[in-house]
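Below: the structure, in structure tokens.
Positions are given from 1 along the sequence. Counting starts at 1 for both ligands and their atoms, in listed order.
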Amino acid sequence: MTKDARALVVEDELPVRDLLRLHLELAGFEVEESGDGREALRRLRESAYNLVILDVMLPGLDGVSLCRAIRTGGPNLSTPILMLTARDTESDKVLGLESGADDYLTKPFGIRELIARVNAITRRHARDDDPAPARKRTSAANVQLDPEPRGGLRSSAVARPRAAWPRVPGRRGWWERDRCGGPACRSR
Ligand code: CA
């Protein structure tokens with residue numbers, strides 16, 4: 001985190017706001033606070049931030065509407081937004097994310113999880129801003145390992161017809177290890 005990274009905390013509960021300020025400052029942010037949705041929107045239209053923490057239930061303007069307003073234009077069009085709310089139903093989470101938030105955390109939250117999520121969304125944002133790594137990622141996207149252990153490789157390199165795979169005589173369904181390698185091949 002660079003020293004001049006600015007965060008805006010939009011939260012109407014003072015104890016939560018104080019807690020957020022303390023830990024975001026420890027994480028290296030210069031923190032500004034707002035307890036009102038409309039006042040926050042005014043600030044967000046005037047200057048750019050590196051991070052916005054956004055409570056959903058706010059006086060003035062609710063967090064979802066505020067998030068949508070941020071994403072329609074202005075200096076914080078692509079600023080990472082972490083949404084906080086007491087609601088935890090799936091539709092609330094989907095609504096938050098669809099309104100343009102980068103991540104979503106349900107109250108009460110652990111401060112370590114919050115900081116981990118802040119770090120993740122700001123890292124992702126920094127990568128997206130850098131065109132060189134983005135190009136590398138695109139070219140590597142064709143050879144990603146599947147996170148599912150038996151899901152196999154997504155690479156086009158292993159997408160050849162099954163008939164073309166060498167077979168060990170006398171062992172049905174068990175393909176030669178040396179030619180394909182790894183559990184993905186053996187499971188076929
Ligand atoms: Ca609130």
Test item: N76 side-chain N/O and S47 main-chain N/O as donor-acceptor pair under 3.5 Å
yes
What protein N/O/S atoms lie closer than 3.0 Å to the Ca ion (ligand 1)?
D12 OD1, D55 OD2, M57 O
Main chain of E13, side chain of E11: is a donor-acceptor contact present, judged purely on distance under 3.5 Å?
yes
Nearest heavy-atom neighbours spanning G100 and I81:
O-CD1, 4.4 Å
Take R124 and I121 through the side chain to side chain contact (heavy atoms under 4.5 Å, CB included) test and state the conclusion after the steps.
CA-CA 5 Å; R124 214 152 57 213; I121 62 173; 3.3 Å; yes
Which residues pass the side chain to side chain contact (heavy atoms under 4.5 Å, CB included) test with E46, sequence neighbours left out?
R42
Considering only heavy atoms from C-beta outward, does the side chain of L84 approach that of I53 to under 4.5 Å?
yes
